[in-house]
Colleague: 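Handing you this structure, nothing more for now.
Every chain is numbered from 1 and lettered A, B, ... according to where its sequence line falls, protein lines coming before strand lines. Because the structure is predicted, anything quoted here is derived from the model rather than measured.
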2 protein chains.
Amino acid sequence: MILDGVLKEGDPLPSVRKVAAEFRVNPLTVLKSYQELVDEGLVESRRGLGMFVVEGARNLLLDGERQRFLEEEWPRVQEVIHRLGLSADDLLNNAPRRSKPRKKGSG
Amino acid sequence: MILDGVLKEGDPLPSVRKVAAEFRVNPLTVLKSYQELVDEGLVESRRGLGMFVVEGARNLLLDGERQRFLEEEWPRVQEVIHRLGLSADDLLNNAPRRSKPRKKGSG
DNA sequence: CATAGTGTTATAGTTAACTATAACACTATG
DNA sequence: CATAGTGTTATAGTTAACTATAACACTATG
């Protein structure tokens with residue numbers, strides 16, 4: 001939500017209790033997740049008021065997630081792509097060039 | 001290992017006990033994972049002998065994993081790429097076109 | 001002060017996955 | 001049969017994450 005701009009910097013996060021109710025989950029579970037955001041320096045907690053998106057959170061998140069994605073997730077995704085014999089073409093255009101025709105349409 | 005051809009069809013999987021020892025893990029845990037492969041029809045169990053890669057397993061796996069990847073994983077990866085302001089094009093072709101130059105080299 | 005909304009802490013219980021250990025069932029080999 | 005290697009089942013214990021419930025602490029508002 002922060003990355004997508006749904007939550008701007010300074011905005012309050014939906015309250016622990018509301019999220020807990022909406023997802024039928026224990027408030028403690030929500031709180032713990034929110035605390036992780038605090039630990040990452042993205043969110044700050046103001047007792048009695050709520051939890052708020054920190055100034056600069058979006059850039060911090062963007063940089064951090066970019067790094068994590070490029071160094072950890074993407075390499076693994078690339079391995080999978082390679083293992084499955086997929087091509088960049090297959091993935092980007094919804095119109096794959098006619099490659100080797102498949103034996104059968106399986107379903 | 002099956003996709004990469006390390007395990008050919010008909011080959012025995014490393015025994016439950018060996019894997020358990022190698023990864024310092026309970027044999028039951030390994031067994032359960034192997035059972036999942038049996039449930040997927042990729043592997044068959046021969047009591048007293050071992051677990052073996054089924055004939056046709058590689059193609060079955062290839063088709064199944066292709067579908068799973070294209071329908072589930074890749075869309076999510078694309079969302080992340082988009083959210084992070086990265087380009088799938090740049091990531092797939094290793095030769096990124098010169099796009100907007102970044103403000104700073106961060107480190 | 002009372003109220004209604006926040007985050008926070010505490011205590012006890014539940015659950016799924018995993019561990020530890022032992023024993024059982026089966027097969028090829030000699 | 002004995003042996004050594006397989007998969008399999010059973011029992012009890014451990015652990016991390018989550019749940020249920022209640023209470024505490026704080027803030028803006030009236």
Colleague: I need the minimum non-hydrogen distance between B/Met51 and B/Val38, along with the two atoms involved.
Modeller: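 In this case the closest contact between B/Met51 and B/Val38 is CE-CG2, 3.6 Å.
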Colleague: Return the minimal non-hydrogen interatomic distance between B/Glu9 and B/Asn59, and the atom names on each side.
Modeller: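 Scanning both residues completely, I find the closest heavy atoms to be OE2-N, 4.4 Å.
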Colleague: Would you mind reading off the distance between A/Leu31 atom CG and C/dT8 atom C1', rounded to a whole angstrom?
Modeller: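 After rounding, the gap between these two atoms is 6 Å.
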Colleague: Choose from C/dT9, D/dT9, C/dC18 the nucleotide whose nearest atom is closest to any side-chain atom of B/Lys32.
Modeller: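 When the side chain of B/Lys32 is considered, C/dC18 is the closest of C/dT9, D/dT9, C/dC18.
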Colleague: Whole angstrom is fine here: how far is it from CE in B/Met51 over to P in C/dT27?
Modeller: 16 Å
Colleague: Of the nucleotides D/dT9, C/dA28, C/dT8, which one has an atom closest to the side chain of B/Leu49?
Modeller: C/dA28
Colleague: How far does CG of A/Leu42 sit from CG of A/Asp39, to the nearest 0.5 angstrom?
Modeller: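 Rounded to the nearest 0.5 Å, the CG-CG separation comes out at 10.0 Å.
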Colleague: Mapping A/Gly48 and A/Asn26 to their closest nucleotides on DNA chain D, which lands nearer the 5' end?
Modeller: A/Asn26
Colleague: Taking only the side-chain heavy atoms of A/Thr29 (C-beta and beyond), determine which of D/dC18, D/dT8, D/dT27 contains the nearest atom.
Modeller: D/dC18
Colleague: Starting at atom CZ of B/Arg47, determine the distance to atom P of C/dA25, rounded to an integer number of angstrom.
Modeller: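 Rounded to the whole Å, the gap is 8 Å.
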Colleague: Kindly express the pairing pattern of DNA chain C in dot-bracket notation, using | wherever a base pairs with another strand and counting only Watson-Crick or G-U pairs under 3.5 Å.
Modeller: ||||||||||||||||||||||||||||||
Colleague: Specify the separation, in whole Å, of atom CG of A/Asp39 and atom P of C/dG7.
Modeller: 16 Å
Colleague: Is it true that B/Val53 and B/Leu31 fall in one hydrophobic cluster, defined by side-chain heavy atoms closer than 4.5 Å?
Modeller: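 In one cluster with B/Val53: B/Leu31, yes.
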Colleague: Hey, what do you get for OG (A/Ser45) to CG (A/Leu37), rounding to the nearest 0.5 Å?
Modeller: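 So the OG of A/Ser45 and the CG of A/Leu37 are separated by 11.5 Å.
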Colleague: Are B/Gln35 and D/dG7 close enough that a side-chain N or O sits under 4.0 Å from OP1 or OP2?
Modeller: no
Colleague: So, for A/Leu60 and A/Glu40, which heavy atoms are closest and what is the spacing to 0.1 Å?
Modeller: CD2-O, 3.7 Å
Colleague: Would you name the heavy atoms of B/Leu84 and A/Glu65 that are closest together and state the gap between them?
Modeller: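 Nearest pair, atom of B/Leu84 first, then A/Glu65: CD2-CB, 3.5 Å.
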Colleague: Heavy atom of residues 8-24 of chain B under 4.0 Å from DNA chain D: which residues?
Modeller: B/Ser15, B/Val16, B/Arg17, B/Lys18
Colleague: Rounded to whole angstrom units, what separation is found between the CG atom of B/Leu28 and the P atom of D/dT11?
Modeller: 13 Å
Colleague: Are the side chains of B/Leu91 and A/Phe69 in contact, using a 4.5 Å heavy-atom criterion?
Modeller: yes
Colleague: Rounded to whole angstrom units, what separation is found between the CZ atom of A/Phe52 and the P atom of D/dT27?
Modeller: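 Distance check: A/Phe52 CZ to D/dT27 P gives 12 Å.
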Colleague: To the nearest 0.5 Å, what is the distance between CG (A/Leu62) and CD (A/Gln67)?
Modeller: 12.5 Å
Colleague: Just to be sure I understand the rule, does B/Glu44 reach a base, reach only the sugar-phosphate, or reach nothing, if contact means heavy atoms closer than 4.0 Å?
Modeller: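 Counting heavy atoms under 4.0 Å across all strands, no contact is made by B/Glu44.
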